Amino acid sequence: MSPIIEAQDLGREFTVSSGRPLRRVRRTVTAVRDVTFSVASGEIVGYLGPNGAGKSTTMKMLTGILRPSRGRLRVTGLEPSRQRTRLAGRIGVVFGQRTTLWWDLPLRDSLALTRHLYRVPAADHARRLAELTELLELGPFLATPVRQLSLGQRMRGDLTAALLHAPRLLVLDEPTIGLDVVSKSTIREFLLRLNSEQGTTILLTTHDLGDVERLCRRVMVIDHGRLAFDGDLSALRATAPSPRTLIVDLTAPAPPIEVAGATATRVEGPRQWLELSANPAEVIAAVSATHRIADLMLREPEIEDVVARLYRRERTASLGKDG
Amino acid sequence: MAEIHTAPSRSLRGFSALLVYPRLVWVWTRAMAQYPASLLTLSLAQALISLSELAALFFVFSHAGRLAGFGLHETLLIYGLSGVAFSLADLFMGAVERLGEHIRLGSFDTMLVRPVSPLAQLAADGFSPRRLGKLVPNLAALVWALGEADIDWTAERVLLVPVLLCSGFVICASVWTIGACIQFVVADARELANSVTYGGQAMTQYPLAIYGADIVRTATYIVPLAFVSWQPALYLLDRPDPLGLPEGLRHASPCVAVALALVAALLWRSGLRHYRSTGS
């Protein structure tokens, strides 16, 4: 079976003008360069990278919004920028930060309108809507105008709108941004089920490591426009292990804390950042035995940390030093 | 979950845009109807603006009697032709001027990922029946002028009135779309475009002969607003062109409309091709 996404030497440049009028300086900025990958039908792929790395540009090229400057791109066998309208009928797209629903209409009406935009037969629409309503628990707010929905409800509404035409590929840009833990988990479980029961291919960008761990068997990392990593999550972790960080607020400034299972990486007045290599409970016990603690915070590693480590490793490796 | 199959995509995609547009318009009308008081007030406000323009026209004629050789009813004919074409364009295509805003907010991206012409979505976006408030007084003025003005009603003239109105509508809508296309390049060009759309409408309400010859030539050959009301009125009234431009121009409105629509379509496609989206 041919891959659902095929990108070869994909690149996109932007011309940026700066300076005052009449004395403008134009320069070319490369947002994405020589990106090559393919996604097979039924995969869930996380597309990660820090802000400004080229994630959104890639997503916009995949959905036909932006025309690539170079390279070859096929999505469900179509060329996105030339066959954008046809492609739109085959894929579902959700931008986490903006809605495709109509602000003043009840959710039900927005979804009904979506049926006409995608020309889904009425019977199919009704059946599909019933299924999605049950899975995403839309029932209680189907009659509520979209502007009154909570972010989590709106996101479930947007997912429904993107799936009513049964797309083969679902493209999600930050689907869990700003959501609480429960909403995140509802959406993750739903996506897993959609993938396993319908075989819907999912490509998502996210800053949330939880999304990646729960959903993605494969991750691609983009940085400075280049594909820096393409493989499974455990391989990424092995290449760039990312410990959790314990943030300790002491009652008074102190020299860097030295305990087993943790390394102080940063000290700012009474606040210290400890990189954990052991069980946090043991580290906390060890610290509280020698210091007076005012407050504690445990920070999960973010995608940025993983990616930053990936880079630090690459750089040290290329310098010939063994880190 | 069961598999479903969407209707196969057809080659008549342009046609489907025509089918989707009324539906989008209906949805927006219903959304606007959620605030009936606001809708009513805004409609009345629009009607009042049009009525005050009409009142100004009557006021001018109560003093001047004739304007560049045109009497009240002839001027009212020009006013009506221009007003109807413009308010129809405003009603159906006026929303395209907000392209720059949609680009900035990212909502244009969401239009692009739907399988429907983004131009149809843009034009229907925020459709509000309050714009009918502008159309109704203009239509009334036109109907009245058509009855009162000194027109030799041949069969040809009767048949051509709707054609001329359609041409005027298409010309206005095209100018509007071209103005929107500028916003692909300069996101804040709305005001610039407005000087041609709204400014142009104010100009075409009066006999162009009252303006200087250079302005009339510009409005004929460059931004062809003369074909919205001036040339059609010369044709209906069967009067020679006071500025001596070729007589054949008065039959050119439909051709100008088609040509301008083509230019607008080409610019729109080129704008989409070079679309850069926003940062994130």
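So that the names make sense, note that chain A is the first sequence line, chain B the second, and so on, each numbered from 1. Small disclaimer: the values here were computed from a predicted structure and weren't measured.
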| If you draw a 6.0 Å radius around CZ in B:R23, do more than 12 non-hydrogen atoms from other residues or ligands fall strictly inside? | no

| message | I'd like to check B:D109 versus A:K60 (side-chain heavy atoms, cut-off strictly below 4.5 Å). Are they in contact? | response | yes

| Interface moiety of A:S110 toward chain B, non-hydrogen atoms closer than 4.5 Å | neither

| query | Under a 4.5 Å heavy-atom cut-off, does chain B meet the side chain of A:L105, its backbone, both or neither? | reply | side chain

| request: Output the distance between atom CZ (A:R12) and atom CZ (B:R276), rounded to the nearest 0.5 Å. | output: 7.0 Å

| Toward chain B, the part of A:R115 with a non-hydrogen atom under 4.5 Å | neither

| said: To the nearest 0.5 Å, what is the distance between CE on B:M111 and CD1 on A:I65? | reply: 12.0 Å

| said: Could you report the tightest heavy-atom contact between B:V116 and A:T85, atom names first, then the distance? | reply: N-CG2, 4.0 Å

| task | Could you check which of A:R82, A:R90, A:R67, A:E134 has the highest count of heavy-atom pairs closer than 4.5 Å to chain B? | result | A:R67

| query | Crowded around A:R147 CZ? As in, over 12 foreign heavy atoms under 6.0 Å? | reply | yes

| note | Note: vs chain A, highest number of non-hydrogen pairs under 4.5 angstrom among B:T110, B:L24, B:L112 is B:L112

| field | A:R84 to B:L272 - nearest heavy-atom pair and separation | value | NH1-CD1, 3.9 Å

| message | How close do B:P115 and A:L117 get, counting heavy atoms only, and between which atoms? | response | CG-O, 3.4 Å

| said: Whether the side chain of B:R114 engages the backbone of A:T100 through a donor-acceptor N/O pair (distance < 3.5 Å, no angle test) should be reported. | reply: yes

